[in-house]
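Proteins come first, then strands; the chains are lettered A, B, ... in the order of their sequence lines, and each starts at number 1. Side-chain atoms are counted along with the backbone in the values below, which use heavy atoms only and exclude waters and symmetry mates.
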2 protein chains.
Amino acid sequence: MAVNPTQTRVRKAAIRLFAKKGFHGVGIRELAQAAKVSPASLYHYIGSKEELLADIMWESLERLLSAAMLATTDVADPQEKLGRLVTLHVIAHAVQAKETAVVDNELRSLAPKLRRRVIDKRDTYEQLWAETIEQGAEAGVFRQDHDGLARKALLEMCSGVARWYSPKGEVKLDALASQFTDIALRSLGTSDAPPQPDLDRCRTIVKYTWGTHV
Amino acid sequence: MAVNPTQTRVRKAAIRLFAKKGFHGVGIRELAQAAKVSPASLYHYIGSKEELLADIMWESLERLLSAAMLATTDVADPQEKLGRLVTLHVIAHAVQAKETAVVDNELRSLAPKLRRRVIDKRDTYEQLWAETIEQGAEAGVFRQDHDGLARKALLEMCSGVARWYSPKGEVKLDALASQFTDIALRSLGTSDAPPQPDLDRCRTIVKYTWGTHV
DNA sequence: CCTAGCCGACCGATCGTTCGATCGTCTAGG
DNA sequence: CCTAGACGATCGAACGATCGGTCGGCTAGG
């Protein structure tokens, strides 16, 4: 994302402030101060406030999408696939809560053109979930998901993690991922003790994608 | 909420705009124009922009809380109680999507004092869920919900409805409520064909609370 | 004549952004 | 080796626009 240390500060400050106060709730001066530069200098690193937002959202989605594709290619079993999708989604929304919260909440702050692109990328990601659920239904291990209701419900549930998770809290990431996977598979019809996905593989992907050890 | 027609227009415009663009994304001139009054006249109906937001959030939470209490008092069976909570929550977030989205997204736009009050009210509501789940666990019909994980997951899932539901869509409210209730009860350990709550009772409460026929 | 509803005009503050100038660092030519 | 100048980074100051909010006065019904 950024090798330049100032650029990194700008990026991190923007993510933190946008997540906390919302795009329109943060002024350029406040952002500059948080990044320890003058408002004018800020514009050597960003095209505009809106471009900065779009960049942040794009990168966050890019990572989530690539992680999801890494985790699901060459996996046939729908339960394993969905388990991995849930696990990665939940972990991403926990360890990158601010970025993902911005993606979820600030779409409306983007002009139509940029918004369209980000939404398309998000849809591409959600399509991975839809396909997996469909494959599971065809294989008879999942119930039919009429109108994508279950998919929407599960995605909202998993994204919601970014709204309440705190690394200072009691909840361990392992327990979080395993509980959410359990709920997801049960919701789709699996009864009693749903199988858990390959957690080590997910860990590797998280490390590779976000550089975070979990 | 409002008998005065102008006040009603102000309220509705505020809800629509705050939901669409966020509190800080809406100026009072835009709000005034949408309510068909001058910016100055606006202040005959509101104390300040922030008070208007707090009022909207308070009223929305008040309704949800009273509906939930109506639905659960004198109900012993935890499955029936939780089913009603889910049903009302989901219906509220579907037919009052804008108001509830404002409650969920704009807490951060409130000054600490007002925010504290709104959060306390929200916590009171969520406590109803926590108690119900706990009762179910004690009765042996639900699994133990460690750290409130399942409660948080289910609440986010149900609130998420406001983010995607459209009355123009294919999804019928009945199917929505029944599917979400099903997922909620399965998530808590109920296997196969979870019982559905008294839908007629929920309908009555919705009609009484929001004046909406569902 | 009082009051409720409404508004045009205006307040100081802040908004996102730009401009011109000043730094130090690197490089090419003599 | 020296130096002129290009360059990236930084900033103070200012731009016009818009922000949330106020004030004095107009109008209409009781």
field: Partners meeting side chain to side chain donor-acceptor pair (under 3.5 Å) with S38(B) (sequence neighbours left out)
entry: S41(B)

message: Among residues at least two apart in sequence or on other chains, which ones pass side chain to side chain donor-acceptor pair (under 3.5 Å) with S66(B)?
response: none

message: According to salt bridge (charged side-chain N to carboxylate O under 4.0 Å, His left out), does anything in residues 98-112 of chain B pair up with another residue at least two apart or in another chain? List the pairs.
response: E106(A)-R108(B), R108(A)-E106(B)

- prompt: Can you tell if the side chain of L155(B) reaches within under 4.5 Å of the side chain of R122(B), non-hydrogen atoms only?
  reply: no

Using a cut-off of under 3.5 Å, enumerate the N/O to N/O pairs linking the protein to nucleotides 27-30 of chain D.
none

Please tabulate, one pair per line, each protein N/O and nucleotide N/O from nucleotides 22-25 of chain C that are separated by under 3.5 Å, including the distance.
none

Which atom pairs, one a donor and one an acceptor, fall under 3.5 Å between side chains of residues 164-171 of chain B and the rest of the protein, sequence neighbours left out?
| residue | atom | partner | partner atom | Å |
| --- | --- | --- | --- | --- |
| S166(B) | OG | K168(B) | N | 3.1 |

statement: From NZ of K49(B) across to P of dA13(C) the rounded distance in Å is 19 Å

message: Whole angstroms only, please: what is the CD1-P distance between I28(A) and dA13(D)?
response: 19 Å

message: Treating primed atoms plus P, OP1 and OP2 as sugar-phosphate and everything else as base, which nucleotides of nucleotides 5-10 of chain C get B, S or - for protein heavy atoms under 4.0 Å?
response: BBBB-B

query: Quick one: L42(B) CG to dC19(D) P, roughly how many Å, whole number?
result: 13 Å

- request: Report the residues that fulfil side chain to side chain donor-acceptor pair (under 3.5 Å) with D145(B), sequence neighbours left out, ordered by chain and then residue number.
  value: none

task: Give the rounded distance in Å between these two atoms: CD of E50(A) and P of dG16(C).
output: 12 Å

- prompt: Between atom NE2 in H24(B) and atom P in dC19(D), what is the gap in whole Å?
  reply: 13 Å

Return all side-chain donor-acceptor pairs below 3.5 angstrom for residues 15-32 of chain A, not counting sequence neighbours, or 'none' if the list is empty.
| residue | atom | partner | partner atom | Å |
| --- | --- | --- | --- | --- |
| K21(A) | NZ | E30(A) | OE2 | 2.7 |

Please set out all donor-acceptor pairs under 3.5 angstrom arising from side-chain atoms of residues 207-214 of chain B, sequence neighbours excluded.
| residue | atom | partner | partner atom | Å |
| --- | --- | --- | --- | --- |
| T209(B) | OG1 | I205(B) | O | 2.7 |
| T212(B) | OG1 | W210(B) | O | 3.3 |

field: Interatomic distance where CD belongs to E51(A) and P belongs to dG16(C) [whole Å]
entry: 15 Å

task: Not counting sequence neighbours, which residues clear ring-ring contact (aromatic ring centres under 6.0 Å, His included) with H89(B)? List them please.
output: H93(B), Y125(B), W129(B)

- line: Atom OH of Y43(B) and atom P of dG20(D) are separated, to the nearest Å, by 7 Å

message: Nearest whole Å is fine: how far is dT18(D) C1' from Q33(B) CD?
response: 14 Å

field: Close side-chain approach of L64(B) to T100(B), heavy-atom, < 4.5 Å
entry: no

- request: Report the residues that fulfil side chain to side chain donor-acceptor pair (under 3.5 Å) with Q96(A), sequence neighbours left out, ordered by chain and then residue number.
  value: none

